[in-house]
Amino acid sequence: MQHDDQATTQTPVSGQQLMLGIDLGTSRTAIMSSRGTKETVRSVVGYPKDLIGIKLLGAPMIVGDAAYEKRAFLDLRYPLEDGVLREYGQRDIEVARDLMGYVIGRATPKPDDTICAVIGVPARASKANKTSLLRMAQEVVDMALVVSEPFMVAYGQNKLLNSLVIDIGAGTVDICGLKGTMPGPEDQVTLTKAGNFIDERLQAAILERYPHVQMNLNVACAIKEEHAFVGHSPGPINVSLRSGGKPVICDVSEPIKAACEAMLPEIIENMKVLVEAFPPEDQSTVLRNIILAGGGSQIRGLAEVIAANFNDYGDVHVTRVSDPTYDGCSGALKLAQELPPKYWGQLGDMIGF
Ligand SMILES: Nc1ncnc2c1ncn2[C@@H]1O[C@H](COP(=O)(O)OP(=O)(O)OP(=O)(O)O)[C@@H](O)[C@H]1O
Ligand SMILES: [Mg+2]
C-alpha cells in the first residue's frame, strides 16, 4: 500500500490494484478481495487492562473472536454502535482504525499494492459519519468509497431497478428502494430496532415469564439465533436455562415471538412509505422484488409475515438472500471490480484520486 500523494491526485498508480469489498457491521465485519480473501471478523478490539494483561496477551491489542474469548483481562471496545462509527472522541477513531487495519491485513496486501475498498455503511449514515469513516480509512487504504449497505446487496443481486432491500443487522435495519440510480436520502431509511433490540426484548420477556432464571444478552442472543421466528408458532421451544446454578427447562416460544415481532411494525410502515415513493406504474414490480438480507433475515416466517402485511397490495414476493453473511460484502467487491475507481467520485463519498 502506498502512503504517498498518488492516491489524492489524478496520476495513474503503479503496482497492482487490490480490490476489497468490506461490510463494516455492528456485530461482524466481512471482507472479500479480488484475490479470493473471504473472511468475517467480530467487530471488537481488545486492549490489555494493565501490565499483567500485556504480559498475558504478548501484544498491545487483539481483534475479533480471539479478543472476545480473552475478555477477562481485556478492555473490549466496539467501534460501531447502531451501525455507525462511535465518534465520542479520538480514542474511538483509533479503535475503528485498529479494526479496519486488522481486517485489511486479512487480505494480505503486498507492499506496492494500491488498495481500493468499497465499504458498506447504514443507509442513512450521516455525512459527518461517512467523512470520519473515510478519514480513518485513508490511513489504511489508498482509495475508498462508502455506499449504503442495502445498495451493496442490490448490486450483488443485480436488483438495481424496481426492488426493495431490507437489510436486518445487529444495530440497524436498513431499507432501500432501488430506482436504477444511486439511492438518495428519500429512497432509504435506517431503523435502530434490529438484532440487538430483539436480544434486549427477549431477555426482558424471558425474565418476565421466568423471574428466577439467570439471563443476559449473550444467552438471549444465542436463543434467538437458534430459534427466532415470527408468525405461526412452531410449538413449544424448550431451552435449558439456569436458576440458582441448576439447569431448568423453560418454554420460550412466546417470548421469542413477542421479541422478534416487536421490530415489525416500523419495518412494515417504512416499507409502505418507500413503495409509495415509486412511480405508480412500477409499484407492482417493486412488490414482486422484495429482498431480505443481513443476519436477521434468517428469522423463520419473516418473508411470509411481511408478505401478509401487504395482502391488499396485489401480488407480493419476498425472498431472502442465500448467504446473509457475505451477500452485502460480495456486492461491494463486485462494484469495486466492475466500476473503475476513477469513477467512484460519481457514486458517493470517497477518498483517493
Ligand atoms: N438465525 C438467526 N436468526 C435471527 N437472527 C440472527 C440469526 N443469525 C444471526 N442473527 C442476528 O443477525 C445480526 C447480525 O446480522 P449482520 O451480520 O447482518 O449484522 P451487522 O452487519 O453486524 O450489523 P449492522 O448491519 O446493523 O451494522 C445479529 O443480531 C445476530 O444475532
Ligand atoms: Mg450489516
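Hydrogens, waters and symmetry mates are skipped; everything else that's a heavy atom, side chains included, is used. None of these values were measured; they are calculated from a predicted model. Counting convention: from 1, in listed order, for ligands and their atoms alike.
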My understanding is that only residues two or more places apart in sequence, or in another chain, count here; which of them pass side chain to side chain contact (heavy atoms under 4.5 Å, CB included) with R97? E94, M136, E139
By side chain to side chain contact (heavy atoms under 4.5 Å, CB included) - contacts of N309 (at least two apart): I268, V305
Rest of the hydrophobic cluster containing Y210 (Ile/Leu/Val/Met/Phe/Trp/Tyr, side-chain heavy atoms under 4.5 Å)? L202, I206, L207, V213, M215, V219, I223, F229, I237, V239, L241, V248, V252, I256
Is there a donor-acceptor contact under 3.5 Å linking the side chains of D251 and S253? no
Specify whether Y313 and F310 have parallel, tilted or perpendicular ring planes, treating 30° as the upper limit for parallel and 60° as the lower limit for perpendicular. perpendicular
For ligand 1, list the protein residues that place a heavy atom within a distance below 4.0 Å of one of its atoms, sorted by chain and number. G25, T26, S27, R28, G83, E149, I168, G169, A170, G171, T172, G195, C221, K224, E225, A228, G294, G295, G296, Q298, I299
Would a 4.5 Å heavy-atom cut-off, applied to side chains only, mark N270 and V173 as touching? no
